[in-house]
Amino acid sequence: MSRIIILPAGLQNQIAAGEVVERPSSVVKELLENSLDAGAQSIHVHLEEGGLALVEVVDDGYGMQYQDMTLAVHRHATSKIASMQDLAAVQSFGFRGEALPSIASVSRLRLSSRPKGQDEGNFLEILYGNHLDHGPEAMNPGTRVRVQNLLANLPARLKFLKTRGTEGKRCSEIFIRLALTNLEVDLELFSDGRNLYRFFRDETLRDRLSRVWPEQICRDLRDVELDQGDFRVHGLTSMPENAQARGERMLFYVNNRAVRDKILISALKQAYKGRLLSREYPQAVIFLDLPPAEVDVNVHPAKSEVRFRNEKHIFSLVSRAVARSLEQNHFAVPDKPPEDKGLDMDPEINLDTTYRTGPREARPEMPVFQEDFRHEIAPDYGDSSPRKMPAPVHVPGPGLSYLGQIENSYLVFMKDTGRMLVIDQHGAHERIVFEDLKQENRKVQTRLLAIPVHVALHQAERSLLEEIWSKLGGLGFVLELQDEKTLLVKGLPDFMSSGQGLEALRSMLQDKVRDMDNILIALACKSAVKSNRPLTRDEALGLAHQLMQCKEMNFCPHGRPICMDLGSRELERLFKRR
Ligand code: ADP
Ligand code: MG
């Protein structure tokens with residue numbers, strides 16, 4: 001007697017349903033994808049009780065003959081692929097032939113369909129995998145699938161579902177994800193008779209997003225676009241200043257299939273590196289189009305995971321595409337060219353109203369504004385069309401006039417577009433020093449100390465120090481281990497005072513800094529001008545000028561914003577006029 005049996009088809013389907021039909025939102029996904037695969041132009045989704053009582057999807061696609069309907073509810077029955085070659089190049093959402101039989105095995109399913117060109121349709125009703133009824137049905141061309149009492153025959157699985165509200169929300173999320181990538185289809189979602197979303201045919205991605213994401217985020221979305229041979233990355237991504245504390249708005253599509261993928265997420269985060277604080281997330285909708293052979297979509301029955309052939313290439317492609325769209329700076333190129341009549345404010349008066357600070361000790365490390373560039377650099381509006389510029393004399397730097405310092409910490413400039421620019425002096429200087437140190441072949445000179453300084457070391461600090469020893473040497477530090485527990489500091493980078501140099505060293509050990517970037521951040525942070533320090537007008541201008549030469553001028557190396565660009569819209573918000 002053989003002890004092995006082949007499981008009955010009904011049981012096979014229920015087992016498969018464990019992976020494909022986890023909850024109402026998985027039903028929404030599978031049915032919507034079937035409708036899209038059937039070439040539907042218009043799809044309506046109805047939910048009752050968050051999808052627990054009913055999920056109904058009605059489409060105007062090409063429909064099915066009755067015979068195909070009976071096949072469709074059998075496992076591995078599909079019209080979408082027929083061979084291994086087809087699988088390798090699959091373009092449709094579905095191909096496994098598992099969804100309908102799985103759903104049918106754990107619900108009451110009513111499938112109605114009328115192919116185009118046929119006068120009437122047919123219905124087929126199945127209860128927990130068993131045929132209940134079938135017959136003709138009067139309906140419009142297309143397909144309607146009603147799924148009632150999902151998982152009612154599997155109380156153990158039903159227990160894992162959340163409240164109607166939560167399940168309903170997941171259904172909406174899936175609906176939206178598919179709506180963001182099928183722009184040519186009219187899509188509507190109802191819940192308990194209420195219309196939740198309506199997306200019209202041929203809207204843009206921005207149109208659709210504006211109905212689901214907060215206005216503030218949508219207003220400042222940047223286009224992402226990078227073409228490289230057979231690979232294309234496109235979509236929209238948020239400005240770093242709109243970052244959110246939640247990571248739920250990072251949506252990825254691979255060949256139009258909504259996926260969750262660690263590589264894509266880390267590529268996106270990489271692009272924002274240095275522009276966000278550690279607890280902040282970007283918001284983006286990113287589409288990656290690539291040859292089917294470069295990606296395996298058949299990793300999981302729900303098909304929301306993929307495997308890339310060349311993960312490194314994908315990572316760098318996506319992060320480059322996003323970084324590129326963030327790099328266009330915000331304020332060197334004014335968003336609006338000045339009016340022909342020139343500045344409203346007389347630049348002469350501007351200079352006179354400048355807040356001046358008294359004499360202080362010289363700080364050679366501060367950049368200082370140089371007379372000559374005042375006359376040479378005209379504002380750059382990013383195109384070559386000749387415009388009548390305000391007289392460049394006395395306009396300090398590209399399109400900026402200096403107004404003064406707020407509480408010895410923030411520098412205020414007027415842009416010749418009429419907007420105001422507020423710069424955090426510490427963050428800005430940090431950025432300047434950081435980029436200066438990062439330059440290739442940048443040689444840092446050593447300043448030897450007249451009297452070496454002793455620094456006490458813990459065991460852990462000593463071994464960390466050994467790891468970064470040679471890097472510190474290259475940056476001008478002259479260090480010597482006197483014994484197991486004592487470090488002798490004999491020389492420091494020439495741009496730092498002894499206090500700054502030792503402070504930087506201490507912070508590196510305390511924060512367990514290992515990589516070069518973080519070492520440079522520590523040096524930049526400790527040597528940069530602090531907040532609460534008065535700056536002369538020339539120092540302020542010098543700082544702004546040098547900041548504008550930086551590759552990244554909007555964020556300090558820690559990821560905090562450096563510049564606030566304020567116009568009437570921002571002020572209106574502060575004054576609660578909007
Ligand atoms: P798959 O989508 O992987 O092929 P499914 O079980 O989801 O498997 O569907 C089985 C088959 O039923 C499909 O291949 C398709 O031919 C047919 N079908 C399902 N839904 C529809 C629909 N809305 N319109 C037309 N045909 C459909
Ligand atoms: Mg399917």
Side-chain angles (χ1 to χ4, degrees), residues 9-10 12-22 24-46 55-84 86-107 109-118 121-126 129 134 137 139-147 150 174-175 177-178 182 185-188 255-258 296-305:
Q12 287 184 22
N13 288 334
Q14 281 195 4
I15 291 170
E19 287 176 310
V20 186
V21 200
E22 213 184 325
S25 62
S26 8
V27 175
V28 172
K29 171 179 180 286
E30 294 296 335
L31 298 186
L32 265 176
E33 290 189 342
N34 280 348
S35 297
L36 292 163
D37 281 344
Q41 294 286 300
S42 165
I43 306 173
H44 299 252
V45 180
H46 297 261
V55 175
E56 183 185 64
V57 175
V58 185
D59 70 51
D60 62 352
Y62 48 60
M64 278 175 278
Q65 309 278 353
Y66 180 69
Q67 201 195 346
D68 278 347
M69 290 166 62
T70 57
L71 277 175
V73 294
H74 278 96
R75 195 130 179 261
H76 307 308
T78 179
S79 57
K80 297 168 193 174
I81 57 170
S83 66
M84 285 292 274
D86 290 351
L87 178 59
V90 68
Q91 302 274 338
S92 54
F93 289 117
F95 55 81
R96 299 172 59 110
E98 277 181 333
L100 287 182
S102 303
I103 296 168
S105 73
V106 294
S107 71
L109 175 88
R110 185 182 167 104
L111 180 61
S112 316
S113 199
R114 174 179 157 196
K116 290 204 169 111
Q118 201 168 287
N122 294 285
F123 79 90
L124 172 63
E125 207 163 331
I126 295 170
H134 71 278
E137 179 154 318
M139 61 183 293
N140 289 329
T143 301
R144 181 196 306 126
V145 186
R146 282 175 75 84
V147 177
L150 185 70
I174 284 283
F175 174 86
R177 284 227 61 184
L178 288 165
N182 292 282
V185 183
D186 202 301
L187 285 153
E188 206 164 4
N255 289 344
N256 269 342
R257 195 184 289 281
D296 184 0
V297 293
N298 190 22
V299 177
H300 185 267
K303 300 178 233 92
S304 56
E305 285 166 39

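This structure is a prediction, so every number in the text was calculated from the model and none was measured. As the structure lists them, so they are numbered: ligands from 1, and atoms in each ligand from 1.
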Could you verify whether a donor N or O on one side chain and an acceptor N or O on the other, from Ser105 and Asn13, lie under 3.5 Å apart?
->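 No, no side-chain donor-acceptor pair sits under 3.5 Å.
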How would you list, by chain and number, every residue that makes a side chain to side chain contact (heavy atoms under 4.5 Å, CB included) with Tyr62, sequence neighbours excluded?
-> Ala38
Who passes side chain to side chain contact (heavy atoms under 4.5 Å, CB included) against Lys80, sequence neighbours left out?
-> Asn34, Asp37, Thr78, Ser92
Any chance CD of Gln91 has more than 12 other-residue heavy atoms, nucleotides or ligands included, within less than 6.0 Å?
->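 Counting other residues, nucleotides and ligands, CD of Gln91 stays at 12 neighbours or fewer.
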Should we count NE2 of His300 as having more than 12 external heavy atoms under 6.0 Å?
->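 More than 12 within 6.0 Å, yes.
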Criterion side-chain contact (heavy atoms from CB on, under 4.5 Å) against Val28, the qualifying member of Leu178, Val147, Ile174 | Ile174
Among Leu111, Leu100, Thr143, find the residue that satisfies the side-chain contact (heavy atoms from CB on, under 4.5 Å) test when tested with Met69.
-> Leu111
At distances under 2.8 Å, what protein N, O or S atoms surround the Mg ion (ligand 2)?
-> Asn34 OD1
Yes or no on side-chain contact (heavy atoms from CB on, under 4.5 Å) for Val55 and Leu150, after CA distance, side-chain angles and deciding distance?
-> CA-CA 9 Å; Val55 175; Leu150 185 70; 6.0 Å; no
Can you pull the residues with any heavy atom under 4.0 Å from ligand 1?
->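 Asn34, Ser35, Ala38, Asp59, Gly63, Met64, Ala72, Ala77, Thr78, Ser79, Lys80, Gly94, Phe95, Arg96, Gly97, Glu98, Ala99, Leu100, Pro101, Thr143.
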Check the pair Glu30 / Glu98 against side-chain contact (heavy atoms from CB on, under 4.5 Å), numbers first and verdict last.
-> CA-CA 10 Å; Glu30 294 296 335; Glu98 277 181 333; over 6 Å; no
